[in-house]
Amino acid sequence: MVMVNGNLLGLFMFIVCGSIALVGGLFLRLPDPVIMISIGLALICMDLIIRLRNRLQDRWLFGKQTGGYLFFIPTWIMGIIVIIINIINIIQPMGISTLIP
């Protein structure tokens, strides 16, 4: 299997997710939380598919050589964070932005 620099793969994943945001927000006019949850799911799916293909290696779930990485965080963890923030945003009547001064 060809080794890919984890940061480059993570950057590619974010470019793909930017395309999802462009289509969902600009062309389909979907609400922001729906778009962001879709982006989080896309990050998780892309990264875990790549990591599952390398599951015979040591540290396949967290290793830098087995999936996308942005700085030091695997992109599947970033996808979970994006989903959680936007679920909170949907649940809260005033939105998550009111919590940030």
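Residues take their numbers from the sequence shown, with the count starting at 1.
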Using every non-hydrogen atom in the two residues, find where [X] and [Y] come nearest and quote the distance to one decimal.
{"X": "Asn86", "Y": "Val82", "result": "ND2-O, 2.9 Å"}
{"X": "Ile35", "Y": "Ala21", "result": "CG2-CA, 3.7 Å"}
{"X": "Trp76", "Y": "Asp47", "result": "CD1-OD2, 2.8 Å"}
{"X": "Met13", "Y": "Met46", "result": "O-CE, 3.7 Å"}
{"X": "Asn89", "Y": "Pro33", "result": "ND2-CG, 4.0 Å"}

Euclidean distance, [Y] [atom2] relative to [X] [atom1], rounded to 0.5 Å:
{"X": "Asp32", "Y": "Ile90", "atom1": "CG", "atom2": "CD1", "value": "10.5 Å"}
{"X": "Leu22", "Y": "Phe27", "atom1": "CG", "atom2": "CZ", "value": "5.0 Å"}
{"X": "Ile50", "Y": "Cys45", "atom1": "CD1", "atom2": "SG", "value": "11.5 Å"}
{"X": "Ile81", "Y": "Thr75", "atom1": "CD1", "atom2": "OG1", "value": "11.0 Å"}
{"X": "Ile20", "Y": "Leu28", "atom1": "CD1", "atom2": "CG", "value": "11.5 Å"}

Using the rule that Ile, Leu, Val, Met, Phe, Trp and Tyr join whenever any side-chain heavy atoms are under 4.5 Å apart, tell me whether Leu43 and Ile49 fall into a single cluster. no

Is the side chain of Arg51 donor-acceptor paired with the backbone N or O of Leu48 at a distance under 3.5 Å, no angle test?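 Such a contact is absent between Arg51 side chain and Leu48 backbone.
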
